[in-house]
Amino acid sequence: MTAFKSDFLNTLQERGFVHQCSDFEGLDALAAKGEATAYVGYDCTAPSLHIGNFLTMMMLYWLQQSGNKPITLMGGGTTMVGDPSGKDETRAMRTVAEIEANKASIRGVFAKVLRYGDGKSDAIMLDNAEWLTKLNWIEMLRDIGRHFSVNRMLTMDSVRLRLEREQEMSFIEFNYMVCQAYDFVELSRRAGCRLQMGGSDQWGNIVNGVDLGRRMGSPQLFALTTPLLTTASGDKMGKTAKGAVWLNADQFSPYDFWQYWRNVEDADVVKFLKLFTILPISEINKLAALGGSEINEAKKVLATEATALLHGRDAANEAAETARRTFEEGALAETLPTVEIPHGEFEAGVGVLAAFVKAELVASNGEARRQIKGGGLRVNDAAVTDEKMLLTSANLTPEGVVKLSLGKKRHVLLKPA
């Protein structure tokens, strides 16, 4: 393990964030002086960011903690183009209104992790629509486009892999790397930004920006990437039966977020404690020493600390207490996720398969049937054996709800409304 001069790189290396860097020595010297202004770009493709974005937000967090300055760049302009990285087909084109709505929905999450303001190391938020939408086409070709080699662009993974699979790539997507590279140069001019960070799938795009800056007379720019998130079993991280692990509470509740971390594989607990909590390494090492069933205590710490960082300490403690009451006491916790059903539907009877699909505990009726055969579905803690079972007001508990469970750890309440 390399010993750096800067707290920033030492922390990132110790906690497992570092994958590639264009110039460790130069970046280390800059960060050690507190002069490393860095950005991560976030395209507005959905109303919420996801757990992969949480990883880069943590990189910005540790940058700020070391006395350097973070920039969160909203991709109001690049979202209009669409990043082809890791995609086999063109992203759906979004309207300006959709992009603006997504941007408004996303913005609030950053202030939960970063400190914004006018101070030296306070974070700032910018939007690349400010400059990308104002570019003149001919001037862009002459001033920016002339610095790009099509031969080199064709070797970039985002392009090469699409072509190798004989999947069409539109001209607009081909320009994405030009837009991202220009963002880096523009941020250097506007905000003294010297470092771009991102996932390892963005390495080619980021290095393009470093190269463009050199050609256009910027001070030396730097690239730093983090490994792509995978579980110990090799799966891409951040997927559940309900879909992506979103960061906005209205799309993925604090309780579901807590449960996600509580249910990670044993082999991933220490890795995720380092990446997704701000616990000191000394405390993480103590948790790493727990063996056997005690690892579940480390998982609870991971779940509570990661949830507290994103949703606040009160929400994290409430989620932990809900889980404790549900799993350890067998009690019906009112703070479990709830799905409302119209009174009329309850009176007529709701099919048990449809109920579990509506609660997003399973993806389809077919999956519900398979779970029933394996004894995986329960209603009010009783195993479901009849797939034609109807849930009615007769199934309501004294609390006025029906408790649906998938296995021992996932529960949703159905409530007449």
Side-chain angles (χ1 to χ4, degrees), residues 46-48 50-51 231 233-265 268 296 299 303 319 322-417:
S48 171
H50 53 74
I51 206 167
T231 64
S233 55
D235 297 327
K236 186 175 181 180
M237 190 185 166
K239 293 292 182 184
T240 70
K242 296 176 71 172
V245 179
W246 300 108
L247 302 188
N248 282 18
D250 59 351
Q251 290 196 251
F252 202 80
S253 72
Y255 176 80
D256 284 334
F257 194 75
W258 191 95
Q259 279 295 328
Y260 176 80
W261 297 107
R262 170 62 181 82
N263 294 329
V264 299
E265 297 177 41
D268 284 326
N296 289 322
K299 289 183 181 182
T322 298
R324 188 189 68 78
R325 289 187 60 204
T326 303
F327 307 134
E328 296 175 12
E329 296 181 6
L332 182 61
E334 296 81 1
T335 47
L336 285 171
T338 302
V339 174
E340 294 186 342
I341 303 284
H343 269 290
E345 283 188 40
F346 251 114
E347 293 302 322
V350 180
V352 69
L353 302 181
F356 275 89
V357 172
K358 193 172 186 68
E360 296 184 336
L361 287 169
V362 295
S364 64
N365 286 352
E367 184 184 343
R369 290 189 183 95
R370 289 191 295 275
Q371 289 287 352
I372 288 172
K373 288 178 181 176
L377 300 188
R378 304 174 80 83
V379 171
N380 295 334
D381 296 323
V384 178
T385 56
D386 180 8
E387 67 178 52
K388 295 181 180 179
M389 175 185 181
L390 290 179
L391 304 179
T392 67
S393 54
N395 297 103
L396 294 175
T397 66
E399 293 87 358
V401 296
V402 177
K403 179 184 176 185
L404 304 183
S405 304
L406 171 63
K408 295 180 179 179
K409 296 181 178 179
R410 297 195 58 208
H411 310 274
V412 173
L413 304 180
L414 288 189
K415 184 177 181 180

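FYI, the numbering just counts along the sequence from 1.
- Residues passing the side-chain contact (heavy atoms from CB on, under 4.5 Å) test with Ala249, sequence neighbours excluded: Pro254, His311.
- A side-chain donor-acceptor contact under 3.5 Å links Ser48 to the backbone of Leu247.
- Residue Leu353 holds its CG atom at 9.0 Å from CG of Asp386, rounded to the nearest 0.5 Å.
- In terms of heavy-atom proximity, Gln371 sits nearest to Val362 at CG-CG1, 4.2 Å.
- Here CH2 of Trp246 is found 13.0 Å from CZ of Phe257. Values are rounded to the nearest 0.5 Å.
- Ser405 and His411 get closest at one heavy-atom pair: OG-ND1, 2.7 Å.
- Within the 3.5 Å criterion, the main-chain N or O of Val264 finds a donor-acceptor partner in the side chain of Lys299.
- Considering only residues two or more places apart in sequence or on other chains, Arg370 meets the salt bridge (Lys or Arg N to Asp or Glu O under 4.0 Å) condition with none of them.
- For Asn248 (side chain) and Asp250 (main-chain N/O), no donor-acceptor pair under 3.5 Å exists by modelled atom type.
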* After noting the C-alpha distance and the side-chain angles of Asn365 and Val357, does the key distance pass the side-chain contact (heavy atoms from CB on, under 4.5 Å) rule? -> CA-CA 7 Å; Asn365 286 352; Val357 172; 3.5 Å; yes
* Pair Lys358-Val412, side-chain contact (heavy atoms from CB on, under 4.5 Å): steps then yes or no -> CA-CA 10 Å; Lys358 193 172 186 68; Val412 173; over 6 Å; no
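- Residue Lys373 holds its NZ atom at 8.5 Å from CZ of Arg369, rounded to the nearest 0.5 Å.
- Shown here are the side-chain contact (heavy atoms from CB on, under 4.5 Å) partners of Ala355, two or more places apart in sequence or in another chain: Val350, Leu391, Leu404, Leu414.
- No side-chain heavy atom of Trp261 sits less than 4.5 Å from a side-chain heavy atom of Asp268.
- Listed for the Gln259 side chain is no donor-acceptor partner under 3.5 Å among the backbone atoms of Tyr255.
- Of the inter-residue distances, the one linking His50 atom NE2 with Met237 atom CE reads 12.0 Å to the nearest 0.5 angstrom.
- Residues meeting the side-chain hydrogen bond (donor to acceptor under 3.5 Å, both in side chains) test with Glu340, sequence neighbours left out: none.
- Between Thr322 and Trp258, every side-chain heavy-atom pair lies at or beyond the 4.5 Å cut-off.
- Rounding to the nearest 0.5 angstrom, the gap separating the CD atom in Glu360 from the CG atom in Asp256 is 9.0 Å.
- Take Pro47 and apply the side-chain contact (heavy atoms from CB on, under 4.5 Å) test, not counting sequence neighbours, and it matches Asn102, Ser105, Gln251.
- Note that CG of Leu406 and CG of Leu377 are 6.0 Å apart. Values are rounded to the nearest 0.5 Å.
- Annotation: side chain of Val352 is in contact with side chain of Val379 (closest heavy-atom distance under 4.5 Å).
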